[in-house]
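A quick write-up on the structure given underneath.
Each chain gets a letter, A, B and so on, in the order the sequences are listed, and its residues count up from 1. Just so we're clear, the structure is a prediction, and the values are computed from it rather than from any experiment.
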Amino acid sequence: MAKDERFVKQITAKSEDFSRWYLEIIRKAEMADYAPMKGIMVIRPYGYTIWENIQRLMDRRIKETGHVNAYFPLFIPESFLKKEMEHLEGFAPQVAWVTQGGQEELEERLAVRPTSEAIIGSMYAKWIQSYRDLPVLINQWANIVRWEKVTRPFLRTTEFLWQEGHTAHETMEEAQEETIKVLYMYKDFVESELAIPVIEGRKSPRERFAGAMETYAIEALMSDGKALQMGTSHNLGQHFSKVFEIRFEDREQKQQYVWQTSWGVSTRLIGALVMTHGDDSGLRMPPQVAPIQVVVVPISLGSWKENVLPVALAIEKELLEAGLRVKLDAREEFTPGWKFSEWEMRGVPLRVEVGPKDIKENRAVLVRRDVQQKDFVGLAALAPQVKKTLQQIQSSLFEQALRFQRENTRSVSDYREFKEVLESKRGFIRSWWCGDEACEDKIKEETMASIRVIPLKEEAKEDPGDCVYCRKKGRELAYFARAY
RNA sequence: CGGGGAGUGGCGCAGCCUGGUUAGCGCGCCUGCCUUGGGAGCAGGAGGUCGUCGGUUCAAAUCCGAUCUCCCCGACCA
């Protein structure tokens, strides 16, 4: 059996049409389906279980760093949104409005939340009086609506699910520290749970969140060479506290405005999993977030129900007791081969096969989804071996993605080369930038590439080169890419 | 929002140009037999009114108009 041979052709090859491949995986793996309204999808159980796993692992980190969960309203009065004009103008084209309740027209329009800075800010103004009330460290899990013109399942939909943290602090330094702490929390989460390597850094002013003083993000490279923003963390400064009057009496008994942050990751991460790890046979789920970590397939031959099934049941029980998410697929109406393909499409990381031959040898067959490798394992050592293999798959997926990211990150100092790389290879391009928005705009216009992130740690290590566009002295080392 | 393409049983498609009996095909689904170590085989069967609305016509999946949705490219977008 050749390693990269496709057993069954059921989806468009990734290399043939990436976009179509992506959409077909989502439907064949039953992650999501289109709802009958433009740009809105239904997240089906298999996709939603991935989200639940993401939630569970992220929520743990959020709480470990001292935050607590709360829930704020879906509706935001227009006047609240208007208080921070930069913020309103940033979101205006994407806001859905409620103008009528029952038969009555509303006196004031209500926005369906595009994000919650405004409504949360108005509440913080009531809750915060003294430095003793600070910091406020609140997170909420919620749905968000943004009227998007171009939508794609998970990557950009009109309604989506996310988590948004909103914190308030005594000092600018403390808010900045929080912003960066969360950025690295996201990086750690995405790399260790989703097995997706990211580059963390600051956004250029052009890409900054509407109303933020500074925006930071983690960016990943999808396997078609386009970048995807995986999470953002904003230092809001005092923009919102000034307009919402979020004041406190400080240690010197003076009135001060609080310093705020906000940060979020969304169901877009599920799209990133597909585009980072998927192959021509379907999904490849990292074990940490896989809805099913191990599928047990009994080889149904002859009197398998008497001989094979009891062993399969015992294996299922043992793996369940070992704390794994296990599925025994003992359906009679499908052949083993059919089941193999089915679970490969859904990206189940590890498959355990047991058949008559294995039972004679007192063993089972382990098949890794990531590399399609088969190994015989004695039944006595099964559970520990399965656990170990899952860990290997988790790190192997990360390593594969990291290798891809490194191979597709190129340092370029010449604009001609810059354009050439984008045309032929895409990926991240590391270049110096003078800091002038005009250069950034020109580059975007001419190459469709934007500044994804200005790395936090790398700048100091190198002598500045010239701006890749205007040749003036470079001020920032930036990662450029075409992005989703 | 601009340009292009597409909506026909669950999925993928043919039919439309050149209107005319019961709208086909493959996969899937159901029943039975037989099979099962990489999506088995045979036989029988169910399921669509052609995205939606309107118009032309004796007659519309087919022609005309509007509208909704999806896909691709671009503009826009934390």
(message) Between Met345(A) and Ala210(A), which residue's closest nucleotide on RNA chain B lies nearer the 5′ terminus?
(response) Met345(A)
(request) Is it possible for you to check whether Lys226(A) lies under 6.0 Å from the centre of the six-membered ring of Tyr484(A), through NZ or CZ, and within 45° of that ring's axis? (result) yes
(message) It should be established whether Arg152(A) places a side-chain nitrogen or oxygen under 4.0 Å from OP1 or OP2 of nucleotide C70(B).
(response) no
(message) Would you say that more than 12 heavy atoms from the other residues, nucleotides or ligands in this model lie under 6.0 Å from the CH2 of Trp147(A), or not?
(response) no
(message) Say we look at C29(B) and G47(B): how far apart would their C1' atoms be, to the nearest angstrom?
(response) 9 Å
(request) Would you kindly check if the NZ (Lys) or CZ (Arg) of Arg351(A) is within the cone defined by 45 degrees around the ring axis of Phe340(A) and under 6.0 Å from the six-membered ring centre? (result) yes
(request) Take atom CD of Glu445(A) and atom C1' of A75(B), then tell me their distance rounded to the nearest Å. (result) 12 Å
(request) Check every strand shown and say whether Trp147(A) touches a base, only sugar-phosphate, or nothing at a heavy-atom separation below 4.0 Å. (result) nothing
(request) Look at the side chain of Lys82(A) and the backbone N and O of Pro77(A), then say whether any donor-acceptor pair between them is shorter than 3.5 Å. (result) no
(request) Could you give the distance separating C71(B) and A66(B) at their P atoms, to the nearest angstrom? (result) 23 Å
Interface polar pairs with nucleotides 34-37 of chain B, N/O, under 3.5 angstrom:
from   : atom 1 : to        : atom 2 : distance (Å)
U36(B) : O2'    : Ser300(A) : O      : 2.7
U36(B) : N1     : Ser300(A) : O      : 3.2
U36(B) : O2     : Ser300(A) : OG     : 3.1
G37(B) : O6     : Pro356(A) : N      : 3.2
G37(B) : O6     : Lys357(A) : N      : 2.6
G37(B) : O6     : Asp358(A) : N      : 3.4
G37(B) : N1     : Asp358(A) : OD2    : 2.6
G37(B) : N2     : Glu353(A) : OE1    : 3.3
G37(B) : N2     : Asp358(A) : OD2    : 3.1

(message) The side chain of Val367(A) is closest to which nucleotide in this list: G38(B), C72(B), G12(B)?
(response) G38(B)
(request) Identify, between Ser19(A) and Gln229(A), the residue whose nearest nucleotide on RNA chain B lies closer to the 5' end. (result) Ser19(A)
(request) Establish, yes or no, whether a centroid distance under 6.0 Å links the rings of Phe209(A) and His87(A). (result) yes
(message) Output the rounded distance in Å from NZ (Lys38(A)) to C1' (G51(B)).
(response) 16 Å
(request) Could you give the distance separating C17(B) and A6(B) at their P atoms, to the nearest angstrom? (result) 15 Å
(request) Give me the one residue out of Arg284(A), Gln405(A), His277(A) that meets side chain to side chain donor-acceptor pair (under 3.5 Å) with Gln400(A). (result) Arg284(A)
(message) Could you tell me how far apart Arg482(A) (CZ) and C77(B) (P) are, to the nearest whole angstrom?
(response) 18 Å
(request) Rounded off to whole Å, could you give me the CD-to-P distance for the Glu333(A) and A40(B) pair? (result) 13 Å
(message) To the nearest 0.5 Å, what is the distance between CD1 on Ile120(A) and CZ on Arg113(A)?
(response) 8.5 Å
(message) Could you tell me how far U35(B) sits from A43(B) if I compare only their C1' atoms? Round to whole Å.
(response) 15 Å
(request) Rounded off to whole Å, could you give me the CG-to-P distance for the Leu23(A) and U69(B) pair? (result) 17 Å
(message) By the definition salt bridge (Lys or Arg N to Asp or Glu O under 4.0 Å), identify the one residue from Glu476(A), Glu214(A), Glu219(A), Glu440(A) that meets it with Lys203(A).
(response) Glu219(A)
(request) Decide whether a cation-pi geometry holds between Lys83(A) and Phe80(A); the criteria are a distance under 6.0 Å from NZ or CZ to the six-membered ring centre and an angle within 45° of the ring axis. (result) yes
(request) Cation-pi check, Arg202(A) to Tyr216(A): give yes when NZ or CZ is under 6.0 Å from the six-membered ring centre and within 45° of the ring axis, no otherwise. (result) no
(message) When the P atoms of U57(B) and G15(B) are compared, how many Å lie between them, rounded to an integer?
(response) 28 Å
(message) Students often get this wrong, so: under 4.0 angstrom with heavy atoms, is Pro114(A) touching a base, only sugar-phosphate, or nothing?
(response) base
(request) Check whether any side-chain N or O of Ser450(A) sits under 3.5 Å from a backbone N or O of Arg452(A) as a donor-acceptor pair, and report yes or no. (result) no
(message) What's the gap between C53(B) and G44(B) when it is taken at their C1' atoms, as a whole Å value?
(response) 41 Å
(request) Give one of base, sugar-phosphate or nothing for Gln94(A), where a contact means two heavy atoms less than 4.0 Å apart. (result) sugar-phosphate
(request) For His67(A) and Glu178(A), test the side chains for any donor-to-acceptor distance below 3.5 angstrom and give the result as yes or no. (result) yes
(request) Using a 4.0 Å heavy-atom cut-off across all strands, classify Gly211(A) as base, sugar-phosphate, or nothing. (result) nothing
(request) Starting at atom CD of Glu148(A), determine the distance to atom P of C76(B), rounded to an integer number of angstrom. (result) 14 Å
(request) Rounded to whole angstrom, note down the P distance from G28(B) over to G41(B). (result) 8 Å
(message) Looking only at the side chain of Arg351(A) (C-beta and beyond, no hydrogens), which of the listed nucleotides C77(B), G38(B), G74(B) gets closest?
(response) G38(B)
(message) Whole angstroms only, please: what is the CG-C1' distance between Leu155(A) and C72(B)?
(response) 15 Å
(message) With a 3.5 Å cut-off and heavy atoms only, can you find an N or O donor on one side and an acceptor on the other between the side chain of Arg156(A) and the base of C77(B)?
(response) yes
(request) Answer yes or no: does a side-chain N or O of Tyr34(A) lie under 4.0 Å from OP1 or OP2 of C71(B)? (result) yes
(request) For G24(B) versus U49(B), give the span between their P atoms, rounded off to a whole number of Å. (result) 14 Å
(request) In whole angstrom, give the distance that lies between atom CD1 of Ile26(A) and atom P of C11(B). (result) 17 Å
(message) If you go through the side-chain atoms of Arg27(A), does one of them form a donor-acceptor pair with the base of G10(B) closer than 3.5 Å?
(response) no
(message) Wobble G-U and Watson-Crick pairs count when both distances are under 3.5 Å; given that, what is the 5' to 3' dot-bracket string of RNA chain B, with | for pairing to other strands?
(response) ((((((((.[[[[.)....(...]]]].(((((.......))))).....[[[[[..)....]]]]])))))))....
